[in-house]
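Structure record follows, encoded as structure tokens.
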Amino acid sequence: MPVPRSRRSVLLLSAAALLSLPAGRAAAAPAARAGDAYDALRGAWRELLLGSGFPPSEAPFAGKLALLGTRAAAHRSTLAAVNGSLWPDLPLTASASITGSHTRLATMAQAYAQPGTGLTGDPAVADAVLAGLGHLHDQVYNAATSPFGNWWDFQIGSPQALLDTVTVLYDRLPAARLADHLAAVDRFVPDSCVGSYTGTSTGANRVDLCRSLALRGILGKDPAKIALARDALSPVFPFVTSGDGFYADGSFVQHTWLPYTGSYGAVLLGGLAGLLALLDGSAWAVTDPARQLVHDSVERSFAPFLHNGLMMDAVSGRATSRGNPRTTPLGFQGGDHGRGHGVLAAVALLGTAASAAENRRWRALVKGWMQRDHYSPVLDDTDLTVPALARLKAVRDDPAVVAAPGPTGHRLFPAMDRAVHRRPGWAASLGMASERTAFYETGNGENLRGWHTGAGMLQWWGDTFANGQYTDAFWPTVDPYRLPGTTVSRKPLADAEGGAWALPRPDASWVGGATDGEYAAVGQSVRGLSSTLSAKKSWFCLADSIVCLAGAVRCADGTAVETVVDNRNLGAAGVHALTVDGTDRPTDLGWSATLPGTRWVRIAGHAGYVFPGGATVRALREARTGSWRDINTGGGARPITRRYLTLWFDHGADPAGAACSYVLMPGATAAETAARAANAGWVAVLANDGDRQGVAVPSLGVTAVNFWVAGTAGALAADAPACVLVREHGDGTATLCVADPMRARTGLTVTWRRPVAAVLDRPETVISATTGSALTLVFGDLTGRAGATQRVRVALA
């Protein structure tokens, strides 16, 4: 199906401006404005775009305004209206150039209207913008032309920038020209575009379309258009069970098969925040009670993936390939921190249209994220607009807002095959693929080498360290065959392997896990992209570590197969020490070694790694050079070099059942890592093959097994494929967490060979429970549970 083009800038000077009202503006302000209701709403939208009440000569506003003026001046100096273009580098034969031209005019309009830009109030700038809009109308964007190229440019990109510019310069625009521009919007964004909730009119795209319809109605004083936009938001609110939208487990999916909370989801949240704040208090306020589900998504869907101000890559799709060249004149920041900052601004704005209790909670969350963003301070983000900066600064400076601490616990998102594990001092995310979730997405020349991001990529960040691990040019410089946590074939793949928008998915249904909210067992039946690779992978997420197993690793590609323990980005000049069983290894670039019998490894400033029973591990220090253009045709071509320290298992060519295990301990010292390795009884690997993978950790009271088929491991048994996590507590109780990741069990029996006195609590899915010398749980139909964890609490005998 047609898919939107890159949101690299998310229309930096228009759509992003919606992410915050100016400090102190009440949600009901539109009703207080002079003039008719349409003028009130237009004035409110203008204020959303420009802000007010901030000190333009003070930080962080002065720098942002100066940057805006510099950008606008550059656009003005190169503007040259001729047949076929408005700027020489943006030929109007390309749809992206039409959007780009409208966006540049929006930049100039804002520089004219904002204080402190150097172009403030310059009538020549305003005249140039209006003439430019007229030129684009007469050439390509009018009621008599037909769309071409990417649909997104005609229905979302161009009309958003056009309508924002018209809003800013409304009082200078002749009535005839206003009518021309509104007729063009009617041509490309007709009422029928929201007639059904299908195709490109779902999720974030639907919100974008509603924004254009609402602004068209406000500027044209058309109440039916505004009402249509309001009502067309309603399909976005309810939970879905397939396709695009929010799921009951907190997942957000766009393009049918992609986890997209951090990209399309962020666009949706920002767009809804702007529209809800705009329309509240007006005759067109959004009163659908289902909008509460969007409010709930702040803590259910977005907060789990925000860590210290950054938005995790596992839910950002092809946006990870959009560079963050901080040194460019445009000051574009991007990256995981840039995406996170945009969500913070959206949450702060949405709070103005939420309940007082929600607003208090969200402001506390935002303040906490801002305080903990040690790597990329939020108010230094030049990609945020002035109104967004004003609102976020107000949150930071408000003494009544007490920063919320970083959370701990585990969240599984079965609908999009993602997991997040949070512990004091660190956080991790896991990206998987299944018949429900694509390997990766490529399109518009973006994310050309994201092939293995769904092959169990395990990313992690410390609390006060390693927050730039994936921000600092990781994606253009990392070996794409050695993403951390993955088991992959080194069979060469073509850029955009699988095809643009093809969204290839593996033929695997056993992907998911079970959690008690603190610990978890997660598993993935791995298949290779354009490869014969297959493997079983399990992750047992515990108190200070994650136990990782790979088993039944098979391949017939004729190439090496590897399981990557970790691949740490050491930055441009990092020489972090590598300690192996107590001995420091060389820090010279190009050093590599095969390390037989290794029991533990520590990378200074990062983590410790324990190999139960000893293992042969490969290690490499290298400098890797790449450019953003290597992975995104719209990226910069400047070469970037970063140093990496990589640890991996070499399964050789065409393995026929290889296996390995290791324990990841983020932030661990050398002494802590050595002590864990010396404690041989800390973890017992119960099984690690194609039938079962499981561990027992007696000190935590944990036994967990992923049953790929029916069988027994340790004290646990299941009569069909399932995930089982048992946790014994110190109060004489235990919790059993059971899940059916395949969503295929019409019945399931789980046995725990441990004396149990009574079942204290069980879900309705348990149709029979037998206690005594062992516990036997009989589950009914689990096919409609969407892979969710079924929790049973028992009293131990």
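Reckoned from all heavy atoms, side chains included, excluding hydrogens, waters and symmetry mates.
Looking at residues two or more places apart in sequence or on another chain, you find a salt bridge (charged side-chain N to carboxylate O under 4.0 Å, His left out) between Asp313 and Arg339. Residues forming a side-chain hydrogen bond (donor to acceptor under 3.5 Å, both in side chains) with Tyr481 (at least two apart in sequence, or on another chain): none. Judged as a side-chain hydrogen bond (donor to acceptor under 3.5 Å, both in side chains), and not counting sequence neighbours, Gln469 has no contacts. For Ser297, the side chain to side chain contact (heavy atoms under 4.5 Å, CB included) partners at least two apart in sequence or on another chain are Phe246, Leu269, Val294, Ser301, Phe302. In this structure, Arg621 has no salt bridge (charged side-chain N to carboxylate O under 4.0 Å, His left out) partners at least two apart in sequence or on a different chain. By the side chain to side chain contact (heavy atoms under 4.5 Å, CB included) test, Arg505 is found to be paired with Trp257, Ala438, residues two or more places apart in sequence or in another chain being considered. Residues passing the salt bridge (charged side-chain N to carboxylate O under 4.0 Å, His left out) test with Arg449 are Asp495, sequence neighbours excluded. Judged as a ring-ring contact (aromatic ring centres under 6.0 Å, His included), and not counting sequence neighbours, the contacts of His576 are His606. Among residues two or more places apart in sequence or in another chain, the salt bridge (charged side-chain N to carboxylate O under 4.0 Å, His left out) test is passed with Arg418 by none. In this structure Phe611 satisfies the ring-ring contact (aromatic ring centres under 6.0 Å, His included) test together with Phe649, sequence neighbours excluded.
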Show me the donor-acceptor pairs, under 3.5 Å and distance only, between side chains in residues 587-600 and residues at least two apart or in other chains.
from: Thr594; atom 1: OG1; to: Arg618; atom 2: NE; distance (Å): 3.2
from: Thr598; atom 1: OG1; to: Leu595; atom 2: O; distance (Å): 2.7
from: Arg599; atom 1: NH2; to: Ala677; atom 2: O; distance (Å): 3.4

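Sorted by first then second residue, the ring-ring contact (aromatic ring centres under 6.0 Å, His included) pairs that include residues 403-428, not counting sequence neighbours, are Phe305-Phe413, His410-His421, His421-Trp426.
Two rings, from His255 and Tyr264, have their centers less than 6.0 Å apart.
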